[in-house]
**Student:** 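Questions regarding the structure given below will be posed in turn.
No experiment lies behind these values; they were computed from the predicted model shown. Just so we're on the same page: letters track the sequence lines, and every chain starts at 1. The analysis underlying the following values was restricted to heavy atoms, covering all of them including side chains, and did not include hydrogens, waters or symmetry mates.
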Amino acid sequence: MKSTWNQKVWNLVKTIPRGKVASYGQLAGMLGQPRKARHVGYALHQTPEDLVLPWHRVINAQGRISFSEHSQEYLMQKAMLEAEKVTFQDGNRIDMKVYGWRPK
DNA sequence: CTGGTGACGTCTT
DNA sequence: GAAGACGCCACCA
């Protein structure tokens, strides 16, 4: 099977350690395509239901969840992160200095 | 092939 | 700090 962009993204997201978070732009940069940050998010949106991914560990460059605060997705993602001991500042922002994934 | 869409990022007011 | 404009390009109809 040919490797599509989506599959590369999914494969990378699977490597994010528990308790850490990464931004869309950061993931895109790891794939050698810093300008495709938007497509990282798009790829996650296209994730099949039978594929289990730690998608909740992916946030935007602002350290915020990209969903609306009123959405069910936002609440679920936040809950998943807090379950991994990831705390929020001001109730809705993540401190990237502390929880940012720093791969070597 | 063409066009619309969009879990984003960066620059400019 | 906040808000708007623009660029980016994979995927789908």
Side-chain angles (χ1 to χ4, degrees):
Chain A
M1 64 185 276
K2 55 184 176 183
S3 60
T4 65
W5 167 261
N6 280 12
Q7 292 172 345
K8 289 181 180 178
V9 173
W10 298 332
N11 192 57
L12 183 57
V13 170
K14 279 192 295 186
T15 68
I16 302 177
R18 186 172 68 82
K20 296 288 183 179
V21 296
S23 72
Y24 302 95
Q26 185 181 356
L27 295 175
M30 291 177 200
L31 293 176
Q33 304 294 330
R35 295 177 295 189
K36 293 190 185 176
R38 192 166 199 157
H39 299 81
V40 173
Y42 192 82
L44 293 180
H45 195 223
Q46 298 297 318
T47 304
E49 290 196 5
D50 56 326
L51 179 59
V52 198
L53 290 177
W55 60 270
H56 52 278
R57 295 175 190 152
V58 186
I59 59 181
N60 62 26
Q62 307 287 308
R64 291 170 174 279
I65 294 174
S66 295
F67 291 109
S68 167
E69 292 187 17
H70 305 293
S71 70
Q72 197 67 99
E73 294 285 72
Y74 175 93
L75 295 174
M76 178 167 66
Q77 180 168 11
K78 184 178 180 182
M80 298 274 283
L81 288 172
E82 291 179 329
E84 298 185 350
K85 306 297 184 286
V86 176
T87 58
F88 288 66
Q89 295 180 125
D90 305 325
N92 57 9
R93 196 167 62 228
I94 294 175
D95 187 348
M96 295 297 283
K97 297 289 185 181
V98 178
Y99 300 105
W101 183 31
R102 297 181 284 277
K104 186 191 322 177

**Student:** Taking only residues two or more places apart in sequence, or in another chain, which ones meet A:D90 in a side chain to side chain donor-acceptor pair (under 3.5 Å)?
**Tutor:**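 With sequence neighbours excluded, A:D90 shows a side chain to side chain donor-acceptor pair (under 3.5 Å) to A:R93, given in chain and number order.
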**Student:** Report the distance from atom OH of A:Y24 to atom C1' of C:dA10, rounded to the nearest whole Å.
**Tutor:**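 Spelled out: OH on A:Y24 to C1' on C:dA10 is 16 Å.
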**Student:** Once you round it to whole Å, what is the distance between P of B:dC8 and CE of A:M30?
**Tutor:**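 Result: 17 Å.
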**Student:** Below 3.5 Å is the cut-off: list the nitrogen or oxygen pairs between protein and nucleotides 3-8 of chain C, distance only.
**Tutor:**
{"residue": "C:dG7", "atom": "O6", "partner": "A:R38", "partner atom": "NH1", "Å": "2.8"}

**Student:** Decide yes or no for A:L31 and A:K36: does some side-chain heavy atom of the first lie under 4.5 Å from some side-chain heavy atom of the second?
**Tutor:**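 With C-beta onward as the side chain, the pair stays apart.
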**Student:** Identify, with sequence neighbours excluded, every residue that meets salt bridge (Lys or Arg N to Asp or Glu O under 4.0 Å) alongside A:E82.
**Tutor:**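 None.
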**Student:** Would you find more than 12 non-hydrogen atoms of other residues, nucleotides or ligands less than 6.0 Å from A:Q72 atom CD?
**Tutor:**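 Atom CD in A:Q72 is not crowded, with 12 or fewer foreign heavy atoms closer than 6.0 Å.
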**Student:** Sorted by first residue and then second, give each salt bridge (Lys or Arg N to Asp or Glu O under 4.0 Å) pair with at least one member in residues 42-57 of chain A; sequence neighbours left out.
**Tutor:**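 Only A:R57-A:E84 qualify under salt bridge (Lys or Arg N to Asp or Glu O under 4.0 Å).
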**Student:** Is any side-chain heavy atom of A:W101 closer than 4.5 Å to a side-chain heavy atom of A:P17?
**Tutor:**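 Yes, close enough: below the 4.5 Å cut-off.
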**Student:** Expressed as a whole number of angstroms, how long is the span from A:Q33:CD to C:dA10:P?
**Tutor:**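 These atoms are roughly 8 Å apart.
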**Student:** Is the NZ atom of A:K8 crowded by more than 12 outside heavy atoms at less than 6.0 Å?
**Tutor:**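 Atom NZ in A:K8 is not packed in, count stays at 12 or less.
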**Student:** When the distance from CZ of A:R64 to C1' of B:dC8 is rounded to whole Å, what number comes out?
**Tutor:**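 Whole-Å distance recorded here is 15 Å.
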**Student:** Give the rounded distance in Å between these two atoms: NZ of A:K8 and C1' of C:dC9.
**Tutor:**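 That distance rounds to 14 Å.
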**Student:** Once side chain to side chain donor-acceptor pair (under 3.5 Å) is applied, do any residues pair with A:T15, and if so which ones, sequence neighbours excluded?
**Tutor:**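 Partners of A:T15 under the side chain to side chain donor-acceptor pair (under 3.5 Å) test: none.
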**Student:** What N/O pairs connect the protein and nucleotides 11-13 of chain C at under 3.5 Å? Give each pair on its own line.
**Tutor:**
{"residue": "C:dC11", "atom": "OP1", "partner": "A:W5", "partner atom": "N", "Å": "3.4"}

